[in-house]
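Worksheet for the structure shown next.
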Amino acid sequence: MTRDEIIENAKIVTSGLLTKYLEDLENCGFIRKYQAIGSKTKNSLSAY
């Protein structure tokens with residue numbers, strides 16, 4: 001899922017707090033971040 005998809009499906013407001021949560025989940029190994037080919041880091045994907 002992209003960050004925008006997470007925001008839309010969870011019906012939450014985008015904020016720096018969401019970034020922290022996603023980074024924490026990535027650091028703990030619950031999700032992985034993938035960068036689409038030819039895309040910038042801003043549009044990376046998270047996988048569960």
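We count residues from 1, following the sequence as given.
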Show me the donor-acceptor pairs, under 3.5 Å and distance only, between side chains in residues 17-24 and residues at least two apart or in other chains.
{"unit_1": "Thr19", "atom_1": "OG1", "unit_2": "Arg3", "atom_2": "NH1", "d": "2.9"}
{"unit_1": "Thr19", "atom_1": "OG1", "unit_2": "Arg3", "atom_2": "NH2", "d": "3.3"}
{"unit_1": "Lys20", "atom_1": "NZ", "unit_2": "Asp24", "atom_2": "OD2", "d": "2.9"}

Quick test of your reading: applying salt bridge (Lys or Arg N to Asp or Glu O under 4.0 Å), list the pairs with at least one residue in residues 9-18, sequence neighbours left out, ordered by first then second residue.
none

So, using side-chain contact (heavy atoms from CB on, under 4.5 Å) as the criterion, who are the partners of Glu26 when residues are at least two apart?
Ile31, Lys33

Tell me every residue that passes side-chain contact (heavy atoms from CB on, under 4.5 Å) with Asn27, counting only those two or more places apart in sequence or in another chain.
none

